[in-house]
Amino acid sequence: MVIDESSGQASPVNARKTDIFDVFGFKHYLGPNPYLERGALVFRLALTGHRAPPPLGDYVEAIAQRYPKMALTEYQSYADLFVQTVVEVGKLDMDLHCELWSLQPTEPTTIAVESIHESTSYGTVYAVWDWFEAISNGQPFQLEDQIALLQTRFRRSVYGGPTIYALLRAAHNQGIPAFYLPDEGLMQYGYGKKLVRGVATTFDCDSHVDSDFTTRKDDCKAFLSTLGFPVPQGAIVSTLKEALKAVQSIGYPVAVKPVVGHKGIGVTADVQDDSELEFAFDRAVEAHEDGQPIAVIVEQSISGLDHRLLCVDGKFVAATQRRPASVTGDGRSTIAELIALENRKPERLDTPTSPLGKIIVDESLERYLSEQRLDLDSILDPDEVIYLRKVANLSSGGVSIDATEQVHPDNIVLAQDIAQHFRLVCLGIDVLTSDISRSWKEGNFGIIEINAAPGVYMHLRPAVGNSIDVASRILETFFESGQAARIPIFTFNYLPLKELQELVDQILVNYPNWTIGAICRDAAFVNRSQKALTGSYNTKVQSLLRNPKLDLLIAEYDEVTLEQEGCFYDSSNIVILDAPTEPEKVLSRNVADGATVVIKEGNTISRRREGLVETYELAEEEPFQRVYWKEISAILSEK
């Protein structure tokens with residue numbers, strides 16, 4: 001709403017002439033801000049005055065049809081219901097960790113909701129707004145369609161990959177700072193000298209040589225064979241003629257796959273004859289990138305079930321059995337219809353938090369049906385089960401089954417022995433065996449390939465069995481706790497350039513080997529070297545915290561910066577406030593456990609630490625600088 005000064009009347013900002021509500025004044029914050037202690041989307045909600053809204057209960061009744069638990073809450077206003085509906089819809093049926101919200105009951109009402117991805121949060125608010133207007137007009141509203149669009153938007157964001165989101169959520173739960181670095185395309189976990197950067201399960205401490213080596217399946221296979229590990233015998237070919245010749249010495253059945261590849265792309269298992277070999281070879285060739293020389297593995301096909309053994313920091317942590325997608329007949333539906341029904345199941349939403357992906361219908365699926373003398377129009381008998389693929393790719397609709405507790409000790413030792421040879425945080429080892437609870441030494445066990453950047457969501461949320469929190473295990477490799485991911489941070493609401501430089505000098509006298517990042521409104525420094533950092537104020541703070549040598553950060557956040565950008569980081573070890581405004585007082589709540597907060601108002605000093613508060617008066621002409629230097633010295637002596 002805006003106020004027409006000549007008439008004193010409010011007028012809509014974004015609302016249409018038929019709307020009852022107006023939503024406007026959007027502002028997105030990456031971190032704590034005057035409205036919420038987390039990254040948030042802040043906006044305003046008001047009545048347009050075009051016409052009176054239906055009773056609040058009408059909205060609650062309509063919304064509760066989709067979210068029944070919302071009927072159990074009493075709402076104080078339309079804004080109260082609106083914000084809680086935004087929070088519920090914002091989980092996108094994916095259980096996203098967006099729970100926090102705040103509401104300032106002014107007119108118009110200022111609302112803040114926790115946000116992971118800015119564009120998705122905007123879309124969620126607009127979807128709820130449209131839903132409220134539909135309820136106002138007694139019209140149906142296709143919320144499911146809106147959620148599907150928002151799921152796609154989130155899935156395409158930098159946080160939307162299943163593995164990245166799993167790590168982001170684990171970091172959130174453990175209190176580990178995590179944020180995206182757009183210019184590098186990486187996630188950063190931790191601050192300064194504690195930081196780790198990575199994409200999915202690949203991290204900056206991983207050996208690039210080892211990571212590249214795992215993509216060369218032929219070399220890896222030879223390496224594992226040399227070490228005495230069980231790998232299928234085979235050959236590398238570049239033409240179909242060479243493939244046919246290789247089969248003469250290997251014998252059918254064989255498996256065919258590109259030398260360089262991932263996620264099972266171009267892989268065909270259990271090839272039984274020359275016709276299938278031709279199809280499999282063509283699939284492997286199609287999986288090559290343009291200009292890439294043709295290199296296809298033709299190897300002995302081992303009968304058994306597909307398993308992924310996951311090692312983190314050289315230690316076995318989880319195992320998953322993967323089975324191809326299947327459908328069960330009902331005596332009347334075609335296979336195509338059964339697939340469509342299966343794909344509509346909630347667990348097959350194909351989102352970062354769904355245990356199953358969509359069943360993909362392609363040439364490989366249709367060919368396998370043909371081998372079973374079936375096609376997409378075939379009707380299965382009641383309770384008849386058929387598999388749709390030979391390969392258990394989860395990305396094509398395969399089923400994951402937790403097998404961690406079933407793995408034989410010899411197979412655990414095998415996985416760890418392999419992992420010890422690679423300087424990689426995460427290693428996925430794919431094996432075929434009829435029974436993972438039997439030792440590999442008994443035979444009929446083969447290592448198919450190893451993967452340097454394994455996905456983890458199959459372990460976190462398998463379709464069948466227990467969840468194994470591997471994301472937390474990965475982060476524990478770097479950080480024993482959330483606090484172990486942090487460096488000391490000192491925050492001021494007012495810190496003139498001269499005082500900032502003097503403070504840095506004072507600390508360096510006692511800690512000469514430290515690297516200190518420091519920023520105020522006038523300049524940014526690393527120790528006493530001024531840096532020409534670019535971007536917004538928070539971008540400059542982020543740039544300092546990206547420095548892998550940084551031992552300490554000193555930062556000024558005044559009212560204007562907090563209102564415009566919020567605070568980049570989520571806690572301080574000491575907060576020094578000099579005559580703070582109300583927005584600046586939010587800094588005193590954004591603190592670590594055991595932090596010190598010192599507030600000067602007039603000549604009165606208030607000091608809070610570990611729940612204890614003391615107040616005293618400054619002596620005549622006693623500088624405030626002397627007070628906070630003493631407090632900072634006490635904090636540093638504990639580090």
Side-chain angles (χ1 to χ4, degrees), residues 29-32 36-40 90-91 94-100 114-117 154 157-181 186-206 310-318 352-353 404 424-426 453-462 466-489 541-542 545-546 548 550 553 567-573 589-595 639:
Y29 297 95
L30 291 176
L36 205 65
E37 62 190 45
R38 296 265 172 78
K91 296 174 186 177
M94 296 157 55
D95 193 29
L96 296 184
H97 61 279
C98 294
E99 297 280 355
L100 300 183
E114 187 176 2
S115 172
I116 300 173
H117 178 237
F154 182 75
S157 77
V158 296
Y159 310 109
T163 296
I164 291 177
Y165 179 72
L167 289 168
L168 180 69
R169 184 164 190 159
H172 170 88
N173 292 338
Q174 295 179 29
I176 296 170
F179 51 89
Y180 181 64
L181 303 172
L186 302 174
M187 291 292 296
Q188 177 173 322
Y189 305 92
Y191 294 145
K193 68 178 184 180
K194 304 293 186 67
L195 72 81
V196 174
R197 300 195 310 277
V199 54
T201 54
T202 299
F203 300 94
D204 55 4
C205 58
D206 285 332
L310 179 69
C311 289
V312 175
D313 193 29
K315 306 175 187 67
F316 169 79
V317 297
T353 60
T404 306
L424 299 170
V425 174
C426 300
V456 300
Y457 209 77
M458 69 179 82
H459 307 292
L460 280 166
R461 195 174 180 187
N466 297 323
S467 170
I468 308 297
D469 188 6
V470 296
S472 293
R473 293 288 295 274
I474 292 169
L475 293 176
E476 287 167 5
T477 300
F478 309 112
F479 312 115
E480 294 180 358
S481 64
Q483 188 57 42
R486 302 172 183 272
I487 60 173
I489 296 179
V541 173
Q542 181 190 60
L545 289 170
R546 287 170 66 175
L550 204 69
L553 175 70
C567 187
F568 179 77
Y569 45 83
D570 63 352
S571 66
S572 304
N573 297 87
R589 300 192 296 272
N590 179 28
V591 295
D593 291 341
K639 299 300 176 184

If I take atom OG1 from residue T163 and atom NE2 from residue H459, how far apart are they, to the nearest 0.5 angstrom?
9.0 Å
Check: S472/Q174 side-chain N/O donor and acceptor closer than 3.5 Å:
yes
Sub-3.5 Å donor-acceptor pair from the side chain of Q188 to the main-chain atoms of G190, do we have one?
yes
Listed partners of R461 passing salt bridge (charged side-chain N to carboxylate O under 4.0 Å, His left out), at least two apart
none
Atom of D206, atom of L424 and distance for their closest heavy-atom approach
OD1-CA, 3.3 Å
Which atoms form the tightest heavy-atom contact between R473 and F316, and what is the distance?
NH2-O, 4.5 Å
Side-chain donor-acceptor contact under 3.5 Å, H117 with Y180:
no
Output the distance between atom CZ (F203) and atom SG (C426), rounded to the nearest 0.5 Å.
5.5 Å
Shortest non-hydrogen contact from Y569 to S572?
CE1-OG, 3.5 Å
Before giving the answer on side-chain contact (heavy atoms from CB on, under 4.5 Å), spell out for L195 and R197 the whole-Å C-alpha distance, their side-chain angles and the decisive distance to 0.1 Å.
CA-CA 7 Å; L195 72 81; R197 300 195 310 277; 3.8 Å; yes
So CD1 of I116 and SG of C98: to nearest 0.5 Å the spacing works out to 3.5 Å
For A318 against T404, the heavy-atom pair lying closest together
CA-OG1, 3.5 Å
Between T353 and M94, what is the shortest heavy-atom contact and its length?
OG1-O, 2.7 Å
For Y191, run the side-chain contact (heavy atoms from CB on, under 4.5 Å) check against L553, I489, L550 and tell me which one passes.
I489
Across all chains, not counting sequence neighbours, the side chain to side chain contact (heavy atoms under 4.5 Å, CB included) partners of A171 are I176, A178, Y189, L475
Partner of M187 under side-chain contact (heavy atoms from CB on, under 4.5 Å), picked from L181, I164, V196, L167, is I164
Between D313 (side chain) and T477 (backbone), is there a donor-acceptor pair under 3.5 Å?
no
Of all heavy-atom pairs between V591 and A595, which one has the smallest distance, and what is that distance?
CB-CB, 3.6 Å
To the nearest 0.5 Å, atom CD of E114 lies from atom CD of E37 at 8.5 Å
What's the spacing between S481 OG and R486 CZ if we round to 0.5 Å?
9.5 Å
Taking the six-membered ring for Trp, are F154 and Y165 parallel (under 30°), tilted (30 to 60°) or perpendicular (over 60°)?
perpendicular
Going from CD on E99 to NZ on K91, what distance comes out if it is rounded to the nearest 0.5 angstrom?
3.5 Å
